[in-house]
Number of protein chains: 2
Amino acid sequence: MAKTAPSEAEPTWDLIELLFFAYRDFVSDPDHVLEALQFGRAHHRVLHFVNRNPGIKVADLLDILRITKQSLGRVLKQLLDQGYITQREGPRDRRQRLLYVTPKGQALAMRLARLQTDRIGRALADLEPGAHEAAHRFLAALIDPEARAGVLKLIAQADRASRADD
Amino acid sequence: MAKTAPSEAEPTWDLIELLFFAYRDFVSDPDHVLEALQFGRAHHRVLHFVNRNPGIKVADLLDILRITKQSLGRVLKQLLDQGYITQREGPRDRRQRLLYVTPKGQALAMRLARLQTDRIGRALADLEPGAHEAAHRFLAALIDPEARAGVLKLIAQADRASRADD
DNA sequence: AAAATATGTCAACATGGCTGACATAAATTT
DNA sequence: AAATTTATGTCAGCCATGTTGACATATTTT
């Protein structure tokens with residue numbers, strides 16, 4: 001009498017709610033730092049993906065964030081004006097404005113990533129070996145199938161790009 | 001030469017970014033349904049936790065959502081007016097307005113939970129046995145330590161409450 | 001030369017956070 | 001019984017960040 005019916009009748013309440021609570025706390029550490037700088041989560045996202053993908057095109061950033069160029073423009077302008085991000089003309093296509101973090105921008109991006117990494121590290125420290133890979137597979141499997149390959153490629157490519165700077 | 005330095009020098013880019021993309025897609029299914037009803041994510045959260053915790057006090061709902069009563073009031077009023085949620089006087093303390101979903105509210109809450117459950121189910125179907133438990137442990141471990149016990153208790157209690165209705 | 005593309009900008013609007021002030025009813029304390 | 005505290009609601013306004021639609025400019029492609 002444990003299972004109510006075939007084909008998984010009962011919603012997966014635990015994971016639904018844990019995703020809510022985990023994500024809430026996961027973004028809270030950066031939020032506090034950003035607040036002191038008069039920035040919000042939107043700035044964080046932009047700074048993060050520019051830091052991870054130096055020279056990214058505006059159009060590609062819009063694809064990743066899935067927001068309109070007007071929404072992006074607002075926060076991007078502030079990051080540019082305050083010297084966290086710079087633009088350079090595309091070498092081949094001079095219409096493009098390729099985005100790069102400045103040293104100041106990189107420092108902030110890394111500081112925020114460090115906070116989230118610390119939280120993840122504390123979480124994994126409590127768990128079995130292989131927990132990192134298990135979490136990776138679960139989260140990747142939650143992504144829309146059409147988007148999944150692109151996301152995984154983006155992550156892998158960004159890793160190569162940043163290691164090339166060492 | 002694989003690891004750059006001791007004490008985990010490199011940020012956990014993969015999980016940081018996968019949390020962003022996974023959460024984005026995880027909430028997208030309900031978002032589409034809600035849009036047709038002129039509701040937003042805020043309505044979903046309220047409806048979800050009232051459905052899962054019938055008779056919850058307004059104050060407790062505010063604690064869970066971590067928003068102000070003014071923000072809650074706005075969306076709660078719409079859910080009340082449109083017959084998704086009802087209030088009853090607290091039996092002991094008549095100042096309290098205990099919240100319950102109506103049949104209509106339960107139907108919507110379950111429909112949204114079903115969408116998220118389906119996504120989780122498809123994800124877990126691709127993974128090893130035990131992936132559910134691994135995901136549960138990882139997400140729970142991401143929660144602030146001070147909040148973690150309370151969250152796990154909430155989830156377990158709500159499970160008991162809903163099974164009592166069967 | 002014309003059309004398409006990459007980007008930026010102006011204006012207006014919606015959602016859902018927030019603060020502060022104040023109101024009411026009921027419970028609790030003195 | 002009176003005073004205080006608690007649970008909740010409400011009004012008004014502000015802010016961040018999403019949206020649509022229209023239009024401008026520079027550059028590339030056809």
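Note that the structure is a prediction, hence the values are computed from the model and not measured. Proteins come first, then strands; the chains are lettered A, B, ... in the order of their sequence lines, and each starts at number 1. Computed from heavy atoms alone, side chains included, the values below leave out hydrogens, waters and symmetry copies.
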Counting only side-chain nitrogens and oxygens, does [X] get under 4.0 Å of the OP1 or OP2 atom of [N]?
{"X": "A:R45", "N": "D:dG18", "answer": "yes"}
{"X": "A:H43", "N": "D:dT17", "answer": "yes"}
{"X": "B:Q38", "N": "C:dT15", "answer": "no"}
{"X": "B:R97", "N": "D:dT8", "answer": "no"}

Write down the distance between [atom1] ([X]) and [atom2] ([N]), rounded to a whole number of angstrom.
{"X": "B:E35", "N": "C:dA14", "atom1": "CD", "atom2": "P", "answer": "14 Å"}
{"X": "B:L98", "N": "C:dA26", "atom1": "CG", "atom2": "P", "answer": "14 Å"}
{"X": "A:R74", "N": "C:dA12", "atom1": "CZ", "atom2": "P", "answer": "14 Å"}
{"X": "A:Q96", "N": "D:dA26", "atom1": "CD", "atom2": "P", "answer": "17 Å"}
{"X": "B:L99", "N": "D:dA7", "atom1": "CG", "atom2": "C1'", "answer": "12 Å"}
{"X": "B:D31", "N": "D:dG18", "atom1": "CG", "atom2": "C1'", "answer": "12 Å"}
{"X": "A:Q78", "N": "D:dA16", "atom1": "CD", "atom2": "C1'", "answer": "10 Å"}
{"X": "B:L79", "N": "D:dG9", "atom1": "CG", "atom2": "P", "answer": "13 Å"}

message = By nearest heavy atom, map A:G73 and A:R95 onto DNA chain C; which one lands nearer the 5' end?
response = A:R95

ask   = Counting any heavy atom closer than 4.0 Å, what does B:R41 reach on the DNA or RNA strands: base, sugar-phosphate only, or nothing?
value = sugar-phosphate

ask   = If you look at every strand shown and take non-hydrogen atoms under 4.0 Å, does A:K69 touch a base, only sugar-phosphate, or nothing?
value = base

From C-beta outward on [X], which listed nucleotide comes closest to its side chain: [options]?
{"X": "B:A42", "options": "C:dT19, C:dG17, D:dT19", "result": "C:dG17"}
{"X": "A:Q87", "options": "C:dG8, C:dC18, D:dT17", "result": "C:dG8"}
{"X": "B:Q70", "options": "C:dT7, C:dC18, C:dA26", "result": "C:dC18"}
{"X": "B:S71", "options": "D:dT8, C:dC18, D:dG18", "result": "C:dC18"}

ask   = Does A:D63 come within less than 4.0 Å of A:K57, counting only side-chain N to carboxylate O?
value = no

query = Is A:K104 atom NZ crowded by more than 12 heavy atoms from other residues, nucleotides or ligands, each under 6.0 Å away?
reply = yes

inquiry  = Let me check something: do A:Y100 and A:V75 share a hydrophobic cluster, defined by ILVMFWY side-chain heavy atoms less than 4.5 Å apart, either directly or through other members?
reply    = no

query = Do you reckon A:I56 sits in the same ILVMFWY cluster as A:I155, going by side-chain contacts under 4.5 Å, direct or chained?
reply =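 The answer is yes; both residues are in one hydrophobic cluster.
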
Parallel, tilted or perpendicular: rings of A:W13 and B:H48 (30°, 60°) = perpendicular

